[in-house]
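Notes follow the structure.
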Amino acid sequence: MAEVRVRFPPSPTGYLHIGGARTAIYNWLFARKHNGKFILRIEDTDTERSTQESIDGILNGLKWLGIFWDEGPYFQSEFANEHIETADKLLASGHAYKCFCTKEELESKREAAAAAKGDYRYDRTCRNLTSEQVAAKEEQGLPYVVRFKVADSDGTVGFTDKVLGRIERAYDDIEDFVIVRSNGKPLYLLCNVVDDIRDRITHVIRGQDGVTNTPRQILIYEALGAEVPEFAHMPLTLDLNKAKISKRKHGEIVAVHFYQENGFLPWALCNFLVLLGWSTSDDREIFSREELIETFSLGRINKSNSVFNYRKGDPKFITDPKALNINAHYLRTMPIEELGPLVKEELIKAGLWEDSYDDEKKGWFLATLDLIRSRFHTLKDFVKGGLPYFSDDYPLDPKSVKKNIKKNPGLKEWLPLLAHRFEEISDFSKQETERVTRELAEELEIKPGILINGMRTIVTGLPAGPGLFDVLIAVGRDRVIERMKKAGDLELF
RNA sequence: GGCCCCAUCGUCUAGUGGCCUAGGACUCCGGCCUCUCACGCCGGCAACAGGGGUUCGAGUCCCCUUGGGGUCACCA
C-alpha cells in the first residue's frame, strides 16, 4: 500500500483558529497513525488578503500545539506556472473551454433566473463556439475565463466519503465552473487539485464545507488522468447559536493564541479539540499523544456538527467548560517535572521568578506546585494562587479578613503568641505545628479552626488553599513567623 | 430558493433491531472527607425533534414533516 500523505492547507488570511487547528490535528493524527507524511501547504494565492503576519501566526500556532509537519511549508503561489500549465492542458485536451461572457452578462442572467425563481447555472453559451469564433474573439482582444467542461449526460460523479459515506452528484447539477480568471489567474478549485496531485496526497481530510467542492474536484482529477484520493469530511464546529465559528464573529476566543496566552497546555487543547467530533466506543476522553495516535480513526468521526460551548462574558468560564476541565486535569496529573518549566514561564512574566527555583530550591519549588495545583484551571492560576509562596508581597483577601480575622479580635494577640511558640519548637514540621496550634487552642478554650483560618488568612491572604499545615511548611518557618507577628500590627481589627 | 449533509441530556458523546428502565464526560445540585477551597469518592437533575410505516420487537431500518448546517463567486 502506498504511503499515506495528508495535508493541511490554510490560507493565511488571519490567525490560526480552533477549527483549523482541529483539521490540522486530525490530519496529523492520521499521518502519524499510518506512518505517513503530514504536509503543510500555505494557500496564498489570494494575494489581496494574505499576510506574512498570518503565516507566522499559523506556523507558531501549530508548533505550540505540537503539530509538526513532515514536509513544507510549501507555498501555493510558487506553483502558479504549474497551475496555468495545467489549465492549458485541460484546454488542449478539450476538457475545458474559453468563455467570453462578461461578468455583466452573467450577472443579469443570474438575476433573471432568480426573479423567475429558477436556479441558475451557466448556460454554456461559449461551450460550443467554433475554433474560428474563438480565434475571432481573441483577435478582438476580448477577455475570457476558462471553464471546465462538465459531461453532458445523465450520469453522476460520486465518491465514498470516509465519514459521510456514499455521496453522488448529478452532472446536471454541476455547472461548467470557472477554473481560470480573466486575468489569467487559476482559481482555488484547480490549484488545490494540482497541488494535491503534485504532493501525492492520498487522503483529503477537511471540513464539511468542502463537500460540494469534491465532485468538481474529482472531475478535474479524472480529466487530468490522476488518481482520485480518499476524502473524509469532518463536521464543523458551531457556536451556541449554531453559527459557524469565525474570527470575525467570535474574536480571540476561537484563536489558538488565546489559549496560549491564557495558560492552556497545548496538549490539553488538542485533546479537547479532538473530542469535538470524534470519540471512542468506550468512555475514554483523556489520551496521551501516543494513545491518541494509536486509537484515532476516520471511521469514528461524527457526522453531525458540534457546538463549541462558550458564553461570551461568562465570569466563571473563559471558554468551553470542558476545555477548561481537561486543562485542569492535565495540570494536576501531569508529571511535576514537566509542569515546572511551564509555571516558570508564567512566574517570569509576572516577575516572580527566582533562579534558585531551578537550582537549590528546585525541590521546594516543585513540591509547592504539587501542593497547590489541584485547584487550578490554567497556568495563569499559579501566579495569583502561588503569590504567597513565591512572594512576600501579597494582598489579603478582604472577605477572608472579615470572616476569619475581624470576627475574632483575640487573634491580634493569639497569632503573635502562636508565632512565638513556633519559634520555640525544634522541629518545624507539619505534625509539630499542628500539635502546637491545637494545644494553644485548647489553652485558650477556642476551636482550633479559629487559629487555623486566621493563620491561613494572614499567611496566604487567600480564602482557600491546601491544608494549612502543609502551607506553613511550604512557606517556611521564618516567613510564617514574620507574617504572623506582623498580624498584631496590621490595621485589621 | 436549488443541490447536499445532519438530528440522543444545556454542551461533548456511547448506542450499528432485543444487552436501553438509554450509558459516560463536562456544567449544575446534594453528600462524604475536612481547618478552608479544590482534588477524590458517592448520589441527583437532565435527552432518543414530531408523525407514519417495516418488524414478534425500533434510539437503532424506511418514508414524510420539522429543525439545523453546508454550498451555490472570475474568495480560499
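Labels below follow one simple rule: chain letters A, B, ... track the order of the sequence lines, proteins then strands, and each chain is numbered from 1.
- Within the 4.0 angstrom heavy-atom criterion, base atoms lie near A:Pro466.
- Aromatic rings from A:Phe317 and A:Tyr310 are positioned such that their centres are separated by 6.0 Å or more.
- Of the candidate nucleotides B:A14, B:C74, B:U27, B:A14 has the atom nearest to the side chain of A:Asn302.
- Taking atom CG of residue A:Leu190 and atom C1' of nucleotide B:A73, one finds them 16 Å apart after rounding to whole Å.
- Residue A:Arg284 places none of its side-chain N or O atoms closer than 4.0 Å to OP1 or OP2 of B:A14.
- Using a 4.0 Å heavy-atom cutoff across all strands shown, A:Glu285 reaches at least one base atom of the nucleic acid.
- Looking at heavy-atom distances under 4.0 Å, A:Ser182 makes contact with a base.
- In the set B:C37, B:A25, B:G40, B:A25 carries the atom at the smallest distance from any side-chain atom of A:Lys322.
- Within the structure, a side-chain polar atom (N or O) of A:Arg300 is placed less than 4.0 Å from OP1 or OP2 of B:G15.
- Here the side chain of A:Asn453 pairs a donor or acceptor atom with the backbone of A:Gly449 at under 3.5 angstrom.
- The number of heavy atoms from other shown groups lying within 6.0 Å of CD (A:Glu294) does not exceed 12.
- Nucleic acid contact class of A:Arg110 (heavy atoms, under 4.0 Å, all strands): sugar-phosphate only.
- Ring to ring, A:Phe296 and A:Tyr26 are close: their centroids are under 6.0 angstrom apart.
- Annotation: proximity of residues 428-456 of chain A to RNA chain B (heavy atom, distance under 4.0 Å) is found for A:Arg438, A:Ile452, A:Asn453, A:Arg456, numbered in ascending order.
- In this structure, of B:C12, B:C75, B:C5, it is B:C12 that holds the atom nearest to the side chain of A:Leu275.
- Residue contacts shown for A:Ser11 are limited to sugar-phosphate atoms, with no base heavy atom under 4.0 Å away.
- Backbone-only engagement by A:Gln76 is indicated by non-hydrogen atom pairs under 4.0 Å involving sugar-phosphate atoms exclusively.
- Side-chain proximity of A:Asp209 to B:U13, B:U11, B:U71: nearest is B:U71.
- The closest donor-acceptor contact from the side chain of A:Asn262 to the backbone of A:Lys380 lies at 3.5 Å or more, if one exists at all.
- A:Arg169 comes within 4.0 angstrom of sugar-phosphate atoms only, judged by non-hydrogen atoms across all strands, and of no base.
- Annotation: A:Glu442, atom CD; neighbour count of heavy atoms from other residues, nucleotides and ligands within 6.0 Å does not exceed 12.
- Atom P of nucleotide B:C39 and atom CD1 of A:Ile326 are separated by 15 Å, given to the nearest angstrom.
- Counting non-hydrogen atoms under 4.0 angstrom, A:Val178 reaches the backbone sugars and phosphates but no base.
- To the nearest angstrom, P of B:G69 lies 11 Å from CG of A:Leu236.
- In this structure, A:Thr45 reaches the sugar-phosphate backbone alone: every heavy-atom distance under 4.0 Å involves primed, P, OP1 or OP2 atoms, never a base.
- Counting non-hydrogen atoms under 4.0 angstrom, A:Asn213 reaches a base of the nucleic acid.
- Summarising the geometry, the separation between CG on A:Leu331 and P on B:A38 is reported as 17 Å, rounded to the nearest angstrom.
- Taking side-chain N and O atoms only, A:Ser281 has no distance below 4.0 Å to OP1 or OP2 of B:A14.
- Using a 4.0 Å heavy-atom criterion, one finds that A:Gly277 contacts the sugar-phosphate atoms exclusively.
- The phosphate of B:U36 (OP1 or OP2) has no side-chain N or O of A:Arg375 nearer than 4.0 angstrom.
- The distance between atom NZ of A:Lys303 and atom P of B:C4, rounded to the nearest whole Å, is 15 Å.
- Between A:His233 and A:Phe231, the two ring planes are parallel [angle under 30°; tilted spans 30° to 60°].
- Counting any heavy atom pair closer than 4.0 Å across all strands shown, A:Phe317 reaches sugar-phosphate atoms only and no base atom.
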